[in-house]
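Basis for what follows: all heavy atoms, side chains included, without hydrogens, waters or symmetry-related copies. Atoms within each ligand, like the ligands themselves, are counted from 1 in listed order.
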Amino acid sequence: MEIPESSNFIQDIIVNDLKTGKRTKVHTRFPPEPNGYLHIGHAKSICLNFGTANKFADFGGITNLRFDDTNPTKEDVEYVDSIREDVQWLGFEWKGGEYFASDYYDQIYAFAEKMIEMGKAYVEDLNREEMQEYRGNDAGKPSKPSPYRDRSVEENMKLFREMRDGKYADGEKCLRAKVDLASPNMNMRDPTIYRIKHCTHHRTGDKWCVYPMYDFAHPISDWIEGITHSICTLEFEAHRPLYDWFLIELGLENRPQQIEFARLNLTYTMMSKRKLLELVQTKAVMGWDDPRMPTVCGLRRRGYTPSSIREFCDRIGISKADSMVDSNLLYFCIREELNRTAQRAMAVLDPIKLVIDNWEDGKIDEIEVENNPEDPSMGTRKIPFGKELFIERDDFMEEPPKKYFRLKPDGEVRLKSAYFVKCVGFEKDADGNVTVVHCTYDPESRGGESPDGRKVKGTIQWVSATHAVDAEVRLFDNLFTLENPSATPEGHDWHEYLNPNSLEVKMAKVEPALANATMADRYQFMRLGYFCLDKDSTAEKLVFNRTVGLKDSYNK
Ligand code: ATP
Ligand code: MG
């Protein structure tokens, strides 16, 4: 079998492992903690883990979905379900199977006892603060051994079993690995591997009151599943020596190789599940799937497609250096795709009436337009045109600036695909606001074609007032006003940078065909951007989300 050509540093390692015979297969895993919904950062990790396995499919390339559920108080089945849904939606299959770290509690517990037997773990009585004090720090403060470090194997075993049997309260004792108190790597200074937590786990119920720490459970879970390449984010680089130490001490062969990559950071948003949860709980957003959220379900609700997110993950690539990716790249990826695939539609977000004085009362013209000029195979449709229309309020100006090419007194514009109209007057209300614009049309300009070579510079969209359908349209801006809300200036807090104007709601008029829109449909509203139906939509009330604007000037 031919080994595929590598296209990044992780694949370099895999290719080399296959060439040297160090590995004969490729088995990756995606290990989310079910304590929140997946975000676009997880999508990067998903594309990487599943994508890498897919690339080496000829070498048995498969991926496990493993729920890292070692922190029982924060986890929930709601999250488990959403994670499955999101991974699937992104287009990936966990061909290696679905697992839970909690499935391994018996085995992990047995490994902990084995560590005690080997004199490599001890029961600690110091509390958190004291332990911290004894451990020293990596700024040069040396550690000193805990007075409990040299307990006998028998005593350690007895105490650990008592911990397991519920004899002690949370935090009263813990089990620590006996690694290296002099190590400059703090992770090696006798880390805690088991703690007491009297609580109900979402899968194991009340069976356990001791739970393994992530750093102990993770390498063992990887090993149990036969993971060959354990891909994770950079913050785990300093944990790698500890993971290797556990497996070596326990005599477990075929150690998974951990490879670290830089996590995704995106401008004007944040990826911390803890903070995203807070936004949900405080109702700063509509929920985990609020279209402003960087979550996979938020992006889905906003109108992103799986392929656009995969394309984004492809374009950002992977590296070993932390960096900030411009959100505009994400917007670019969905815009490019929707330009090819979205059906065009007429919508007016801020309607003002336009009356064609010389149009026969009651006459309706059916204007035929292409559904997508980029793709003639998408066919055409007819839009009704009549005497009374709606246009955008800001497409008319009574006193326009110099280069204003839309409607103005005595000015002529093209109503997209329909007719040339010329402004002959307007009406105002008591407050001086224009309420109706009066025009005459040129019957010779049907289809929006100039009859005599005369040019009009402006083309505006319209809907027939008698046929248009009401729709709520939601426009979104960044959730945060600070480029990196995870790094706030000294003395400031991320809450201060929530954008109060991140959601703008418009009561729009849209072309009648949109009454039949489904959640799967994607539209380009002429001149306004790309839109999709929101789940809040009902038969009585249409609701559309703007996925992204038309131009790169989205961020102003
Ligand atoms: P958070 O910090 O948002 O709570 P986490 O790392 O604790 O995230 P996990 O559920 O443990 O969340 O993550 C599952 C996998 O996704 C891990 O392998 C992790 O490395 C990866 N991951 C999480 N956030 C990012 C990110 N921003 N970019 C790339 N990968 C990520
Ligand atoms: Mg984590």
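For ligand 1, the atoms sitting less than 4.0 Å from at least one non-hydrogen atom of Thr233 are 19 (C), 20 (O), 29 (C), 30 (N), 31 (C), numbered in the order shown with element in parentheses. Shown in contact with Pro32 at under 4.0 Å from a heavy atom are these atoms of ligand 1, numbered in order with element: 10 (O), 14 (C). Proximity to Phe261 (heavy-atom distance under 4.0 Å) selects the following atoms of ligand 1: 29 (C), 30 (N). Of all atoms in ligand 1, listed by their number and element, those nearer than 4.0 Å to a heavy atom of Ser272 are 3 (O).
Across Met271, Glu33, Arg263, heavy-atom proximity to atom 6 (O) of ligand 1 is greatest for Arg263. For atom 29 (C) of ligand 1, the candidate residues are Pro31, Ala262, Gly41; the nearest heavy-atom contact is made by Gly41.
Ion pairing of Asp244 with Arg255 is present here, as a side-chain N (NZ or NE/NH1/NH2) and a carboxylate O approach within less than 4.0 Å. Between Arg474 and Asp534, at least one side-chain nitrogen of the basic residue sits less than 4.0 Å from a carboxylate oxygen of the acidic one, meeting the salt-bridge criterion. Salt bridge annotation for Glu225-Arg66: present, with a cationic side-chain nitrogen under 4.0 angstrom from a carboxylate oxygen. Contact check on Asp190 versus Lys178 returns no salt bridge, with no Lys/Arg side-chain nitrogen under 4.0 Å from an Asp/Glu carboxylate oxygen.
Residue-to-ligand polar distances place Leu264 within reach of ligand 1: an N/O pair is separated by less than 3.5 Å. Note: an N/O pair closer than 3.5 Å links His42 and ligand 1 by distance alone. Residue Lys273 has at least one nitrogen or oxygen atom sitting less than 3.5 Å from a nitrogen or oxygen atom of ligand 1, judged on distance alone. Residue Arg274 has no N or O atom closer than 3.5 Å to an N or O atom of ligand 1. Inclusion of Cys232 in the set of residues having an N or O under 3.5 Å from an N or O of ligand 1 is not warranted.
Counting only distance, with no hydrogens or angles, the side chain of Ser6 and the backbone of Asp12 share a donor-acceptor pair below 3.5 Å.
Across Asn187, Ile193, Asn185, Leu242, a single residue satisfies side chain to side chain contact (heavy atoms under 4.5 Å, CB included) together with Val179, and that is Leu242.
Taking the six-membered ring where the residue is Trp, Tyr243 and His218 present tilted rings, their angle falling between 30° and 60°.
The side chain to side chain contact (heavy atoms under 4.5 Å, CB included) test applied to Pro500 returns no partner, not counting sequence neighbours.
At least one heavy atom of Phe30 sits closer than 4.0 Å to an atom of ligand 1.
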